[in-house]
**Q** 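This is the structure I have questions about; it appears just below.
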Amino acid sequence: MTEKANEQNATIMLPDGKTIELPVMHGTVGPSAIDVRPLSNHGLFTFDEGFRSTASCASAITYIDGDEGVLLHRGYPIEQLAEKSNFIEVCYLLLHGDLPDKESYDSFEHQIRHHTMVHEQLIQFFNGFPRNAHPMAVMCGVVGALSAFYHDSLDVRNSEDRDIAALRLIAKMPTLAAMCYKYSIGHPFVYPLNRLGYADNFLHMMFSVPCANEEPNPIMARAMDRIFILHADHEQNASTSTVRMAGSSGANPFACIASGIAALWGPAHGGANEAVLKMLMTIGDPRNIDKFIAKAKDKEDPFRLMGFGHRIYKNYDPRAQVMRRTCHEVLKETHHLDDPLFEIAMRLEDIALKDEYFISKKLYPNVDFYSGIILRAIGIPTNMFTVIFALARTVGWIAHWREMISNPQMSISRPRQIYTGETVRDYTPIRKRKEQAK
Ligand code: SDX
């Protein structure tokens with residue numbers, strides 16, 4: 001934390017009239033935070049359901065300015081990383097804090113390539129699922145099960161264990177994700193090929209079949225790699241906070257990542273990309289857009305414009321803009337520029353951004369609004385969209401888990417509550433209880 005001379009303390013008047021001084025913590029950039037930890041000495045908690053005003057930790061990995069639409073990974077703007085870097089290099093950056101030199105990059109990339117296989121017995125886990133299981137249900141199961149195969153890397157206090165667990169998880173997520181897809185369509189699993197790059201290898205495992213081993217399309221592989229970059233990390237979002245919470249108990253990294261996958265699944269979070277495509281398909285025709293905009297604005301109607309709005313971005317999500325450009329590139333490459341869903345998405349965006357409701361509530365397209373159209377054009381089925389998000393976000397989850405675990409001051413995360421239940425009362429035998437209200 002940095003010291004700013006003019007804002008050292010916040011003075012708070014307590015309910016009993018006493019005033020206390022609370023230190024103000026400053027980051028290198030962005031909002032400061034009042035350190036409320038001393039409040040518990042006064043028998044008081046803060047209350048912040050949904051954590052709208054709570055900094056749960058100090059972190060040096062990712063910075064977001066929601067008002068300006070800024071997203072930095074270790075200081076590098078997401079637009080520059082998406083344009084000039086690749087996912088493996090972004091993984092190195094998130095984990096180690098700086099862009100690698102050539103030797104470090106080659107060594108890291110070699111390690112990832114040589115950890116892509118999974119234990120053959122993991123295949124038995126897949127056989128226990130119905131073929132039509134949602135792939136996220138399978139991912140929750142098989143990723144958590146990895147801890148049963150790597151007893152040599154579960155000691156979270158050992159930095160070598162942490163390093164090898166990070167490599168294994170980043171390397172094996174594409175293999176497991178592709179296995180989910182292959183299992184769901186009754187195709188044989190496809191083994192990774194060490195000669196292929198990360199995104200190429202994933203597309204190879206997704207779409208190769210024993211009788212036709214085509215090389216992945218380089219435009220699709222580049223688009224896939226960029227989608228991975230755009231989903232890699234996003235500060236203390238719900239799934240990353242879940243991973244930190246699980247990790248604070250000392251749980252092993254595989255179990256922590258499985259908890260992140262579970263949290264990401266929800267439609268308010270990583271499940272939104274799947275929900276966006278279903279919404280665009282339901283709208284079906286640009287002529288129906290106004291009807292759905294009205295539904296999204298109707299307080300009585302639970303319908304929301306999926307892929308719109310964000311807890312932090314009150315401006316354009318910078319990832320959405322890169323995603324829209326990538327969407328255009330992929331649709332052009334696949335000769336689908338006339339894709340009706342893309343047209344509906346662009347019309348929807350255009351109309352919503354001129355509508356007072358969305359303007360007043362600062363609702364802009366987020367990372368999920370265009371990603372589904374790209375994934376669909378690449379040939380990935382809708383129910384695999386959130387799996388792709390989890391695959392990419394694994395590096396962010398691990399980076400935050402490592403940052404927390406390697407902090408010697410780390411302690412278990414254990415929030416308190418405002419209790420609203422009954423005060424103490426004695427047990428009464430059933431024969432003495434009054435008739436339960438009918
Ligand atoms: C991700 O946290 C992260 O960083 C997440 C993420 C990441 O990379 O990890 O960026 C990935 O999860 C992106 C978000 C994907 N989710 C969606 O696209 C689902 C649709 N969006 C919403 O459900 C909503 O916008 C949230 C969940 C994203 C944010 O919700 P908040 O911050 O709790 O905001 P809110 O629900 O309090 O909404 C504020 C107002 C409300 O109206 P009022 O009560 O003030 O009258 O805006 C309205 C909401 O009704 N609103 C919407 C809307 N989103 C918010 N109205 C219509 N359509 C929407 N999409």
Side-chain angles (χ1 to χ4, degrees), residues 48-56 59 61-67 69-73 78 82 90 94 136 227-244 260-280 283 289 291-323 345 348-349 351-353 355-373 385-386 388-397 399-400:
D48 185 17
E49 208 163 39
F51 305 123
R52 290 171 186 270
S53 304
T54 293
S56 61
S59 176
I61 299 171
T62 288
Y63 173 69
I64 301 171
D65 180 333
D67 295 328
V70 169
L71 170 55
L72 308 178
H73 289 321
I78 189 64
V90 170
L94 290 170
M136 283 297 277
I227 285 179
F228 290 156
I229 292 173
L230 294 171
H231 287 86
D233 188 52
H234 212 239
E235 195 220 69
Q236 305 310 323
N237 57 84
S239 53
T240 300
S241 298
T242 301
V243 170
R244 280 180 173 261
I261 294 173
L264 185 75
W265 194 357
H269 188 16
N273 52 17
E274 179 176 354
V276 167
L277 213 80
K278 286 177 180 165
M279 175 187 75
L280 294 174
I283 293 174
I289 289 175
K291 182 176 76 173
F292 282 86
I293 294 262
K295 280 171 63 68
K297 291 158 61 175
D298 178 358
K299 292 301 274 171
E300 302 311 310
D301 189 327
F303 174 79
R304 285 198 163 182
L305 218 47
M306 301 313 278
F308 260 75
H310 199 279
R311 172 59 61 79
I312 297 174
Y313 288 122
K314 302 309 171 191
N315 198 322
Y316 249 101
D317 180 336
R319 301 168 296 175
Q321 293 177 305
V322 180
M323 205 66 92
L348 190 56
E349 177 185 2
I351 294 168
L353 293 184
D355 184 291
E356 185 44 38
Y357 174 91
F358 292 88
I359 295 169
S360 63
K361 295 182 188 299
K362 299 182 177 178
L363 302 174
Y364 290 84
N366 58 48
V367 67
D368 294 306
F369 189 62
Y370 284 102
S371 58
I373 301 170
F385 289 2
T386 309
I388 305 284
F389 196 148
L391 186 169
R393 186 53 59 89
T394 293
V395 64
W397 291 331
H400 283 275

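We use all heavy atoms of the structure for the numbers below, so side chains are in, but hydrogens, waters and symmetry mates are not. Along the sequence shown, the residues carry numbers beginning at 1. Just follow the structure's listing: the first ligand is 1, and inside any ligand the first atom is 1. Keep in mind that this is a model prediction, so the values were computed, not measured.
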**Q** Could you check atom 21 (N) of ligand 1 against the protein and tell me its nearest heavy-atom contact, residue, atom and distance included?
**A**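 Closest protein heavy atom to atom 21 (N) of ligand 1: F308 O, 2.9 Å.
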**Q** Using the ring of each side chain (for Trp, its six-membered ring), is H269 parallel, tilted or perpendicular to F389, with breaks at 30° and 60°?
**A**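 Answer is perpendicular, since the angle exceeds 60°.
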**Q** Which protein heavy atom lies closest to atom 22 (C) of ligand 1, and at what distance to 0.1 Å?
**A**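 Of every protein heavy atom, R304 NH1, 3.4 Å lies nearest to atom 22 (C) of ligand 1.
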**Q** Starting from atom 56 (N) of ligand 1, find the nearest protein heavy-atom neighbour and note its residue, name and distance.
**A**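 Going by distance alone, atom 56 (N) of ligand 1 is nearest to Y357 OH, 3.0 Å.
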**Q** Would you say the side-chain atoms of S239 and W397 include a donor-acceptor pair closer than 3.5 Å?
**A**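 Per modelled atom types, S239 and W397 side chains form a pair under 3.5 Å.
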**Q** Hey, can you tell me if H234 and Y313 have their rings parallel, tilted or perpendicular (30° and 60° cut-offs)?
**A**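 Plane angle between 30° and 60°, so tilted.
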**Q** Please say whether K314 places an N or O atom under 3.5 Å from an N or O atom belonging to ligand 1.
**A**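 No; every N/O pair is 3.5 Å or more apart.
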**Q** Could you tell me the residue and atom name of the protein heavy atom closest to atom 4 (O) of ligand 1, and the distance to it rounded to 0.1 Å?
**A**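 Protein heavy atom with the smallest distance to atom 4 (O) of ligand 1: H234 ND1, 2.6 Å.
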**Q** Classify the side-chain pair T240/H400 by whether it contains a donor and acceptor separated by less than 3.5 Å.
**A**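 On atom types as modelled, these side chains do not qualify, holding no pair under 3.5 Å.
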**Q** Could you see which bit of K297 sits under 4.0 Å from ligand 1, with heavy atoms only: side chain, backbone, both or neither?
**A**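 Near ligand 1, K297 shows nothing, with every heavy atom at 4.0 Å or more.
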**Q** Below the 3.5 angstrom mark, is there an N/O of F358, backbone or side chain, next to an N/O of ligand 1?
**A**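 Between F358 and ligand 1, no N or O pair is found under 3.5 Å apart.
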**Q** Which protein heavy atom lies closest to atom 28 (C) of ligand 1, and at what distance to 0.1 Å?
**A**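 Looking only at protein heavy atoms, the one closest to atom 28 (C) of ligand 1 is G309 O, 3.7 Å.
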**Q** Salt bridge (charged side-chain N to carboxylate O under 4.0 Å, His left out), that's the test. Do D301 and K295 meet it? Break it down for me.
**A** CA-CA 6 Å; D301 189 327; K295 280 171 63 68; 2.8 Å; yes
**Q** I need the minimum non-hydrogen distance between N366 and A320, along with the two atoms involved.
**A**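 For N366 versus A320, the nearest heavy atoms are O-CB, 3.5 Å.
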**Q** Determine, using ring centers only, whether F308 and Y364 are less than 6.0 Å apart.
**A**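 Centroid distance Y364-F308: not below 6.0 Å, so no.
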**Q** Ignoring hydrogens and angles, tell me if any N or O in the side chain of S241 forms a donor-acceptor pair with the backbone of Q236 under 3.5 Å.
**A**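 Yes; judged by distance alone, with no hydrogens or angles, the pair exists.
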**Q** Quiz question for you: does at least one protein heavy atom lie closer than 4.0 Å to atom 26 (C) of ligand 1?
**A**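 No.
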**Q** In terms of residue, atom name and distance, what is the protein heavy atom nearest to atom 51 (N) of ligand 1?
**A**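 Of every protein heavy atom, L363 CD1, 3.8 Å lies nearest to atom 51 (N) of ligand 1.
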**Q** So which protein heavy atom does atom 2 (O) of ligand 1 come closest to, and at what separation?
**A**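 Answer for atom 2 (O) of ligand 1: N237 CB, 3.4 Å.
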**Q** Any atoms of ligand 1 less than 4.0 Å from a non-hydrogen atom of A268? List them with their elements.
**A**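 Per the distance check, 12 (O), 14 (C), 15 (C), 16 (N), 27 (C).
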**Q** Is the shortest distance from atom 39 (C) of ligand 1 to a protein heavy atom below 4.0 Å?
**A**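 Within 4.0 Å of atom 39 (C) of ligand 1, no protein heavy atoms are found.
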**Q** For A296, take its heavy atoms, then give the atoms of ligand 1 lying under 4.0 Å from any of them.
**A**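 Heavy-atom distances to A296 below 4.0 Å select 56 (N), 57 (C).
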**Q** What are the two closest non-hydrogen atoms of L94 and A399, and how far apart are they?
**A**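 Closest pair (atom of L94, atom of A399, distance): O-CB, 3.7 Å.
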**Q** Any idea which of M306, E235, R311 brings a heavy atom closest to atom 29 (C) of ligand 1?
**A**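 Ranked by closest heavy atom to atom 29 (C) of ligand 1, first place is R311.
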**Q** Please determine whether salt bridge (charged side-chain N to carboxylate O under 4.0 Å, His left out) holds for the pair K297 and D355, giving the CA-CA distance in whole Å, both sets of side-chain angles, and the decisive distance to 0.1 Å.
**A** CA-CA 10 Å; K297 291 158 61 175; D355 184 291; 2.8 Å; yes
**Q** What protein heavy atom sits nearest atom 6 (C) of ligand 1, and how far off is it?
**A**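 The answer is H310 NE2, 3.7 Å.
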**Q** Which ligand 1 atoms does K299 reach within 4.0 Å, using its non-hydrogen atoms?
**A**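 What qualifies from ligand 1 is 42 (O), 43 (P), 44 (O), 46 (O), 50 (O).
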**Q** Heavy atom of H231 under 4.0 Å from ligand 1?
**A**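 Judged by the 4.0 Å heavy-atom criterion, H231 does not count as contacting ligand 1.
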**Q** Give a yes or no answer on whether the side chain of N273 reaches the backbone of D368 with a donor-acceptor pair at less than 3.5 Å.
**A**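 Judged by distance alone, no pair lies under 3.5 Å.
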**Q** Once you restrict to heavy atoms under 4.0 Å, what part of H269 touches ligand 1? Side chain, backbone, both or neither.
**A**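 Both backbone and side chain.
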**Q** State the atoms of ligand 1, each with its element, that fall below the 4.0 Å cut-off from a heavy-atom position in G307.
**A**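 Within the 4.0 Å cut-off of G307, ligand 1 contributes 17 (C), 18 (O).
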**Q** Given side chain to side chain contact (heavy atoms under 4.5 Å, CB included), test I61 with D233 step by step and report yes or no.
**A** CA-CA 9 Å; I61 299 171; D233 188 52; 3.6 Å; yes
**Q** Against heavy atoms of A272, which atoms of ligand 1 measure under 4.0 Å?
**A**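 Listed by number with element: 15 (C), 16 (N), 17 (C), 18 (O).
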**Q** Among N273, I64, D368, D301, which one has a heavy atom closest to atom 1 (C) of ligand 1?
**A**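 Of the listed residues, D368 has the closest heavy atom.
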**Q** Heavy-atom count check: over 12 atoms from other residues, nucleotides or ligands less than 6.0 Å from F51 CZ?
**A**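 Not buried by this count: 12 neighbours or fewer within 6.0 Å.
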